[in-house]
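Everything below concerns the one structure shown next.
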Amino acid sequence: MDIELQIKQAVILAIREFYNHEANEKSIQIQETRKDFEGDFTLVVFPFLKISKKPLEATANELGDYLQKNITNVVDFNVIKGFLNLSISKTYWLDFLNKNYGKENYGIVAENKNPEKVMVEFSSPNTNKPLHLGHIRNILLGDSVSRILAANGKKVYKVNLVNDRGIHICKSMLAWQKWGNGNTPKNTGEKGDKLVGDYYIRFDREYKKQVEELVASGTDEKLAKDKAPLLIEAREMLLKWEAGDEGIRQLWSTMNGWVYAGFDVSYKKMGITFDKIYYESDTYKLGKKLVLDGLEKSALIKKDDGSVWADLSKQGLDEKILLRADGTSVYMTQDVGTAHQRFSEFDIDKHIYVVGNEQNYHFQVLKLVLKKLGFEWAEAIYHLSYGMVELPSGKMKSREGTVVDADDLVDEMLHAAREISKEQGKLENFSEVEVEKILETISLGALKFFILKVDPKKSMTFIPEDSIDFNGNTGPFVQYSYARIQSVFRKANEKNVVIPKKLSPDCEFNTKELQLLKTNYAFGDIVKEAGENLSPALIANYVYELAREYNQFYHELPILVEEKKDKRELRLFLSEMTGRTIKSAMRLLGIDVPPAM
RNA sequence: GGUCCAGUAGCUCAGUUGGAUAGAGCAACAGCCUUCUAAGCUGUAGGUCCCAGGUUCGAAUCCUGGCUGGAUCACCA
């Protein structure tokens, strides 16, 4: 049984016996002992003083005594202030090692027989411009969260909802019609999403020019923005699209096709896949029927002009429109529809939306509307909200060209990895194919780790130089530690050192070995907790700690030199455990594992 | 103005849900390559945890009030 649980139960018994009192679980706090003190686990004694009616020292000693006598694995204790530090026997830790040694995926739960089904929606790009750094944060979070959920035994569906319709697409289409000269990705060699994005920018430029001209000729600015000829044309195009105009539809699907080809390249570069891709052009009419049903049940209200609203004033919000006066639907209506469709189609138990925090209000409302409509799964939707990615120079603005393009960024990371490796002569003994593979692994690992280590809900600053740095709290450092561990085994093998299947019971630890062991011990809990909090950052920061412990440890303790046999075996054991834990953690983050360099 | 989120070292970030003397990396300084990979390790320096109250054995963490920054408050998606 888990030692922490064992201690907890013993404490309950002790309190019942000594003080004739039923302690509630929550008052019993057991934590890992801080490094500077002796012991493995610490019981906080303060909460029991009122019950024991005895001085601090006496209470702590009494409890410590009881635990030592009643739990075989508690071999010693000491009391410092209100903290009871318990030392756990070496046998317990050895058992832990021996038990988990054979597990290839230590800390990861296999898929249950009857798993909870979770859908994760992420990426969700518009088809009028290429992916940028903001999308990268979204994509990496979505991918990583999916992996963490899967590692907790859930069945995960990764889905993408492409926003392929609307006025913004029409702007790109119109600009291409006017100034495109028949350019295609094929005849220009340009990536499709970039090509289309260029025309979106072109539209904006020409549109601004028109607005300026109108203002110069005396038109009110607000009016000018609304009445610029280009915008009117784009609106007309959208109407035609909605009416199913064949020519427009043709152009639309051609240009979107270019964009998808471009996106595929970007996703592939990042190693991202989806189980299903939804298109808004297929789903934008969904939800209308559900809203009308809700109206019938009087869950919603109809105004004089015929528009339909949800009244959320009781929940502290205002009213939200769901159907316009002309009966057409809005974004919210659509989301109600797609959610309903997904819950019935996939029979999912939970739906996670990875969407930026600018939509916090939207998802708050969505949940309330679903509840109003009477769907019992309304509580099962979760908005994984994340903050913006800013640059040292400030915010990214796509129209002002200050965005960091996703492909460019990945390429730059690769370039930096190449330069640094060349400079240090790290990859001299590898073939060209191997070198390319390693560089890709490292540069992508650096990017992913840099993004994921930050708490999702916080906005973050992306510093290009720091992201490319391979020292310190970075992906390459974690990969490096793993590679070193692999190297230990390779060298051991060369020297015919056999790694035993089981450690002998008289194997001794020193403090550093114990530290590393305890860090490994925590991994399973971290995975579980990260799943509950939907936080890859937790894993990232943890695995960095582990890699650091490892590096400090092995720096001082050569393994393969002459020393007592069981000591050597213990270290090989620890290496392998640590290696597996690091590898598992990297996989949860979506970071590739490098070979032993 | 209403609502939500954030504020921790010069910079970028952790801080295990209220515990012991608040931690890393970067940048600065001083060291460590015949040992397994120096993409590393050791040390020095660096803190009003935004401010003020409150809750209690105990607060970076919880509550209240302020300050600063961000998001949002569309018949856009």
[X] side chain: which of [options] is closest?
X: A/Q29; options: B/G40, B/G19, B/C75; answer: B/G19
X: A/H555; options: B/A14, B/U21, B/C41; answer: B/C41
X: A/W309; options: B/C75, B/C41, B/A20; answer: B/C75
X: A/R484; options: B/C36, B/A77, B/C4; answer: B/C36
X: A/N357; options: B/A71, B/A38, B/U72; answer: B/A71
X: A/N360; options: B/C4, B/G19, B/A77; answer: B/C4
X: A/M460; options: B/C13, B/U42, B/G40; answer: B/C13
X: A/D318; options: B/A77, B/G19, B/C73; answer: B/C73
X: A/N551; options: B/A71, B/U17, B/G40; answer: B/G40
X: A/I80; options: B/A20, B/C26, B/U37; answer: B/A20

Legend entry - pi-stack flag for A/Y544 and B/A24, centroid dist under 5.5 Å, interplanar under 30°: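 It does not: the two rings, one from A/Y544 and one from B/A24, miss the stacking criterion.
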Inset, instruction - Compare the ring of A/F46 with the six-membered ring in the base of B/G19 and state whether they stack (centres under 5.5 Å, planes under 30°). - result: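 Stacked: ring centres under 5.5 Å, planes under 30°.
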Value in whole Å for how far the [atom2] atom of [N] lies from [atom1] of [X]:
X: A/I468; N: B/U12; atom1: CD1; atom2: C1'; answer: 15 Å
X: A/K320; N: B/U72; atom1: NZ; atom2: P; answer: 13 Å
X: A/F450; N: B/C26; atom1: CZ; atom2: C1'; answer: 10 Å
X: A/K453; N: B/U12; atom1: NZ; atom2: P; answer: 12 Å
X: A/E390; N: B/C11; atom1: CD; atom2: P; answer: 15 Å
X: A/E465; N: B/U12; atom1: CD; atom2: P; answer: 12 Å
X: A/L161; N: B/A77; atom1: CG; atom2: C1'; answer: 10 Å
X: A/L546; N: B/G23; atom1: CG; atom2: C1'; answer: 17 Å

Does OP1 or OP2 of [N] have a side-chain N or O of [X] closer than 4.0 Å?
X: A/Q359; N: B/A71; value: no
X: A/K491; N: B/U37; value: yes
X: A/R324; N: B/C76; value: yes
X: A/K81; N: B/U21; value: yes
X: A/S487; N: B/C36; value: no
X: A/R548; N: B/G23; value: no
X: A/K50; N: B/U56; value: no

[Y] six-ring face occupied by [X] cation (under 6.0 Å, within 45°):
X: A/R548; Y: A/F477; result: no
X: A/R165; Y: A/Y284; result: yes
X: A/K303; Y: A/W309; result: yes

Inset, instruction - For A/E428, look at atom CD and say whether over 12 heavy atoms of other residues, nucleotides or ligands are found less than 6.0 Å away. - result: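 No, CD of A/E428 has 12 or fewer neighbouring heavy atoms, counting only those of other groups under 6.0 Å.
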Which part of the nucleic acid, if any, lies within contact of [X], taking any heavy atom under 4.0 Å across all strands shown: a base, the sugar-phosphate backbone alone, or nothing?
X: A/S481; answer: nothing
X: A/D455; answer: sugar-phosphate
X: A/F37; answer: base
X: A/Y331; answer: base
X: A/T328; answer: nothing
X: A/D335; answer: nothing
X: A/V454; answer: sugar-phosphate
X: A/N128; answer: nothing
X: A/I485; answer: nothing
X: A/I463; answer: sugar-phosphate
X: A/E529; answer: sugar-phosphate
X: A/N533; answer: base
X: A/F83; answer: base

Legend entry - 5'-most by nearest nucleotide on RNA chain B - A/Y361 or A/L538: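 Nearest-nucleotide comparison on RNA chain B picks A/L538.
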Legend entry - Contact nearer the 5' end of RNA chain B, comparing A/K512 with A/V488: A/V488
Using only modelled atom types and a 3.5 angstrom limit, is any donor from either the side chain of [X] or the base of [N] paired with an acceptor on the other?
X: A/T42; N: B/A20; value: yes
X: A/D305; N: B/C75; value: yes
X: A/N85; N: B/A20; value: yes

Legend entry - N-O pairing of A/K285 and A/E242 below 4.0 Å: no
Legend entry - Ion pair check, A/K567 and A/E513, cut-off under 4.0 Å: yes
Inset, instruction - Would you confirm whether the ring centroid of A/H168 sits within less than 6.0 angstrom of the ring centroid of A/Y200? - result: no
Inset, instruction - Take atom P in B/U8 and the same atom in B/A14, then report the distance between them in whole Å. - result: 11 Å
Inset, instruction - Answer with yes or no whether the side chains of A/N357 and A/Y386 bring together a donor and an acceptor at under 3.5 Å. - result: no
Legend entry - Name of the residue among A/E32, A/M577, A/E549 meeting side-chain contact (heavy atoms from CB on, under 4.5 Å) with A/T519: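 Among A/E32, A/M577, A/E549, the one that satisfies the side-chain contact (heavy atoms from CB on, under 4.5 Å) with A/T519 is A/E549.
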